[in-house]
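Beneath this line is the structure, given in structure tokens, with notes to follow.
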Amino acid sequence: CSATDSGLNASLVNISLWISNSSNTGFSLNQTKNLTGTSNGTTFQLNLTDNSTYTWNCQAYDNASQGAFASNNFSLIINTLDTTPPVRSNGAPSGVLPSGTTSTIIILNTDENATCKYATTSGIDYNSMTNTFSTTGGTSHSTNVSGLINGSSYNYYVKCQDLSGNANTDDFAISFSVASSMLESFVFAAGGDHGWNANTDASLDRLNQSNASFYLALGDMSYGSPGTETSWCDMVKSRLNQTYPFELVSGNHEEQGGPNGYILNFAACLPDRLGVNGTYAAEYYFDYSNNLARVIMIAPALTINGTVYTYTAGNSHYNWLSNVIDDARNKSIPWVIVGMHKNCITAATKTCEIGSDLMNLLLSKKVDLVLQGHDHVYERSKQLSCATVNSYNPACVVDDGSDGNYIKGLGSVFVIAGMFGQSLYNINPADSEAGYFAKWMGNNINPTYGLVKFSVNATQLSGQFVGSSGGTFSDSFSVTSSGG
């Protein structure tokens with residue numbers, strides 16, 4: 001900046017640089033330097049890092065306090081060398097879109113202004129892509145895609161190029177699917193307290209014949225010595241397909257410090273086969289058959305890998321379970337099933353080891369089906385809206401289950417299935433909680449080993465006791481949606 005002062009007895013005092021910000025707005029004083037004489041100049045050094053156009057001017061003052069700017073503003077263009085392509089993030093949608101969705105908007109963000117394109121085949125060069133986002137050029141990009149079909153999966157591979165011509169060379173995938181128009185049906189089985197004996201063999205054989213797509217092992221696996229977990233797994237797999245989904249959750253006999261092996265060792269030789277979310281064998285869930293059912297498996301009142309799984313109102317495990325149930329409802333998944341080892345109410349030997357908070361949560365959420373082991377019996381509850389531990393409250397019974405038919409959404413049905421193979425316990429018909437149950441079997445009432453087989457479709461969940469050895473006990477029931 002330079003200035004000349006032609007006034008009588010005038011002398012320059014200082015000169016100031018005024019400059020805009022990187023958005024070329026907010027013209028303001030930047031710095032000032034002192035000057036002398038009637039004609040003088042100076043230089044200003046700036047650190048401008050943003051690529052932009054800046055507007056600037058100089059203002060000079062003399063010893064008479066007279067000041068003036070140059071007659072015209074000046075422009076300064078900063079264009080540093082940029083060799084980095086845009087960083088892409090926050091792609092959407094993902095997961096499963098509702099059945100009937102024929103179009104959707106795909107979106108993403110970049111960390112700088114850019115133009116984004118997409119292809120439906122991976123590995124296409126940016127310049128060869130023919131589909132440009134309809135809204136692009138800034139940092140938020142979106143475009144509509146149509147022609148979506150029920151039961152199909154879609155992948156859109158996105159590349160972007162910034163103003164300096166730097167284009168992505170790797171794909172940024174936005175992937176999702178559209179649910180089938182007709183929800184499917186499937187069969188699964190469940191049981192607990194397995195053992196390692198002839199009864200276990202017989203139940204495994206019945207499982208192998210059941211056409212069940214997967215099995216929920218509700219805790220207490222081998223009852224064998226620590227170190228024999230792999231041998232027990234080999235026995236199970238010898239009677240089933242080697243990769244059959246034999247999905248585990250811990251019981252007290254194999255929790256950390258338990259007497260009969262360790263659940264993490266069992267999980268190593270009978271690993272998850274269904275792609276679960278969470279901590280397998282302890283606290284996890286999966287959605288099955290095009291989101292027909294959400295199965296949640298938890299290990300309340302047990303310790304695994306240093307974590308004590310308690311479900312007290314407001315704690316992290318309680319909130320996790322509550323959110324996973326709510327998420328299933330929000331996604332219109334028809335059936336919510338929760339499995340665990342321990343019990344709360346029973347007409348046999350156990351007490352409320354899972355805690356009243358967890359029991360009340362399951363009931364308040366109207367979980368369709370709760371599966372448990374631990375008590376070595378079979379019990380099917382009435383449909384319940386509530387339950388009082390150590391006493392029977394008939395007001396909690398929505399449907400007494402005497403005909404084996406329940407209406408979905410009115411309450412929860414509990415099935416205690418601890419009769420896979422280990423020795424059975426007695427049922428106590430005079431137990432204070434016996435009134436909550438519609439059907440039972442135990443060592444003193446037609447003792448029969450086996451498992452429970454479930455058939456699930458969009459409108460009905462039905463269960464059947466499948467006997468494998470011992471007596472002749474049988475039971476079946478169904479939960480049907482009111483529109484089914």
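Model, not experiment: these values are computed from the prediction. Note: hydrogens, waters and symmetry copies are ignored here, and every other heavy atom, side chains too, is used.
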- Task: Begin from the C-alpha positions of D201 and R239 and carry the test side-chain contact (heavy atoms from CB on, under 4.5 Å) through to its verdict.
- Result: CA-CA 8 Å; D201 293 344; R239 293 182 175 272; 3.4 Å; yes
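- The main-chain N or O of G191 is found under 3.5 Å from a side-chain atom of Y215 such that the two form a donor-acceptor pair.
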- Take D375 and T346 through the test side-chain hydrogen bond (donor to acceptor under 3.5 Å, both in side chains) and record every step on the way to the result. CA-CA 8 Å; D375 244 346; T346 174; 2.7 Å; yes
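- With K117 as the partner, the side chain to side chain contact (heavy atoms under 4.5 Å, CB included) test is satisfied by one option alone out of T132, T143, N168: T132.
- The distance from atom CG of L148 to atom OG1 of T104, rounded to the nearest 0.5 Å, is 7.0 Å.
- Residues passing the side chain to side chain contact (heavy atoms under 4.5 Å, CB included) test with N252, sequence neighbours excluded: D220, E255, L302, H341, K342, H374.
- Side chains of D368 and V413 form no contact here, defined as non-hydrogen atoms less than 4.5 Å apart.
- Considering only heavy atoms from C-beta on, V178 stays 4.5 Å or farther from I149 through its side chain.
- A salt bridge does not link D125 to K159: none of the charged nitrogens lies less than 4.0 Å from a carboxylate oxygen.
- Listed by first then second residue, pairs satisfying ring pair (Phe, Tyr, Trp, His ring centres under 6.0 Å) with a partner in residues 455-476 read Y378-F465, Y378-F473, F465-F473, not counting sequence neighbours.
- Minimum heavy-atom separation, V336 to A328: CG2-CB, 3.8 Å.
- Looking at S222 and N260, their side chains never bring a donor and an acceptor atom within 3.5 Å of each other.
- Ring geometry for W320 against Y285 counts as tilted: the plane angle lies between 30° and 60°, on a 0 to 90° scale.
- Residues P429 and I427 come closest through the heavy atom pair CD-O, 3.4 Å.
- A donor-acceptor contact shorter than 3.5 Å is absent between the side chain of D272 and the backbone of Y280.
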- Give the C-alpha distance, both sets of side-chain angles, the deciding distance and a yes or no for side-chain hydrogen bond (donor to acceptor under 3.5 Å, both in side chains) between Q460 and T480. CA-CA 4 Å; Q460 187 175 81; T480 306; 2.9 Å; yes
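- F266 has its side chain out of reach of T230: every pair of non-hydrogen atoms, C-beta onward, lies at least 4.5 Å apart.
- A 4.5 Å side-chain heavy-atom check between L384 and V398 finds every atom pair outside the cut-off.
- Side-chain contact between P93 and I106: present, with at least one pair of heavy atoms (C-beta onward) separated by less than 4.5 Å.
- Annotation for V389 and S356: closest pair CG2-OG, 3.9 Å, computed over non-hydrogen atoms.
- Side-chain atoms of N166 come within 3.5 Å of backbone atoms of D82 as a donor-acceptor pair (strictly under, hydrogens ignored).
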- Task: Start with the C-alpha distance between Y449 and F420, add both sets of side-chain angles, then the distance that settles ring-ring contact (aromatic ring centres under 6.0 Å, His included), and finish with yes or no.
- Result: CA-CA 6 Å; Y449 295 93; F420 195 91; 9.5 Å; no
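- The main-chain N or O of A173 is never found under 3.5 Å from a side-chain atom of D171 such that the two would form a donor-acceptor pair.
- For the residue pair N305/T307, the side-chain donor-acceptor check at 3.5 Å is not satisfied.
- Applying the side chain to side chain contact (heavy atoms under 4.5 Å, CB included) rule to I407 yields the partners L410, S482; only residues at least two apart in sequence or on another chain are considered.
- Geometric assessment of K237 against the ring of W232 yields a negative cation-pi assignment under the 6.0 Å and 45° thresholds.
- A donor and an acceptor atom, one from each side chain of S177 and S153, are nowhere located under 3.5 Å apart.
- Here the side chain of E229 pairs a donor or acceptor atom with the backbone of G227 at under 3.5 angstrom.
- Donor-acceptor pairing under 3.5 Å is recorded for the side chains of E283 and Y311.
- Side-chain atoms of S140 and N109 form a donor-acceptor pair, as typed in the model, at a separation below 3.5 Å.
- The minimum heavy-atom distance linking A313 with D357 is given by the pair N-OD2, 2.9 Å.
- Annotation: side chain of V452 is not in contact with side chain of L371 (no heavy-atom distance under 4.5 Å).
- In this structure, Y436 has its ring center closer than 6.0 angstrom to the ring center of Y392.
- Judged by distance alone, the side chain of N197 and the main-chain N or O of G421 form a donor-acceptor pair under 3.5 Å.
- Side chain to side chain, S469 and N199 meet the donor-acceptor criterion of an N or O pair below 3.5 Å.
- The existence of a salt bridge linking D327 and R294 is confirmed by a sub-4.0 Å separation between a basic side-chain nitrogen and an acidic carboxylate oxygen.
- Ionic pairing of D400 and K382 is not present here: no N-O contact between side-chain nitrogen and carboxylate oxygen is shorter than 4.0 angstrom.
- In this model, no donor atom of one side chain and acceptor atom of the other lie less than 3.5 Å apart for Q422 and D193.
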- Given the rule in the side-chain contact (heavy atoms from CB on, under 4.5 Å) test, do C396 and N393 qualify, once you have shown the distances and angles that lead to the verdict? CA-CA 6 Å; C396 292; N393 181 358; 3.5 Å; yes
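- You'll find the ring centres of F286 and F214 inside the 6.0 Å limit.
- A side chain to side chain contact (heavy atoms under 4.5 Å, CB included) with E254 is found for exactly one of L264, I263, I304, namely I263.
- Looking only at side-chain heavy atoms (C-beta outward), Q464 and D475 stay at 4.5 Å or farther from each other.
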- Message: Please evaluate residues M235 and W196 with respect to the criterion side-chain contact (heavy atoms from CB on, under 4.5 Å), reporting the C-alpha separation (whole Å), side-chain torsions for both, the decisive distance (0.1 Å), and the verdict.
- Response: CA-CA 9 Å; M235 179 275 297; W196 199 344; 3.9 Å; yes
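- The backbone N or O of E112 lies less than 3.5 Å from a partner atom in the side chain of T110, making a donor-acceptor pair.
- Closest of all the heavy-atom pairs between S185 and N457 is CB-CB, 3.8 Å.
- Listed here is the closest heavy atom pair of S142 and I107: CB-CG2, 3.6 Å.
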- Step by step, work out the side-chain contact (heavy atoms from CB on, under 4.5 Å) result for T303 and Y309. CA-CA 6 Å; T303 301; Y309 287 88; over 6 Å; no
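- Within a 6.0 Å sphere centred on CG of N208, other residues, nucleotides and ligands contribute more than 12 heavy atoms.
- With respect to the salt-bridge test (charged N to carboxylate O, under 4.0 angstrom), the residues D399 and K408 do not qualify.
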- Check step by step if side-chain hydrogen bond (donor to acceptor under 3.5 Å, both in side chains) holds for S412 and Q383. CA-CA 5 Å; S412 301; Q383 193 173 36; over 6 Å; no
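- Side-chain atoms of N446 come within 3.5 Å of backbone N or O of T472 as a donor-acceptor pair.
- A donor-acceptor contact shorter than 3.5 Å is absent between the side chain of E379 and the backbone of A417.
- With T200 contributing its side chain and H194 its backbone, the two residues share a donor-acceptor pair below 3.5 Å.
- At least one side-chain heavy atom of C160 sits under 4.5 Å from a side-chain heavy atom of R88.
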- Quick one: do N390 and S432 satisfy side-chain hydrogen bond (donor to acceptor under 3.5 Å, both in side chains)? Show the steps, please. CA-CA 6 Å; N390 295 325; S432 60; 4.6 Å; no
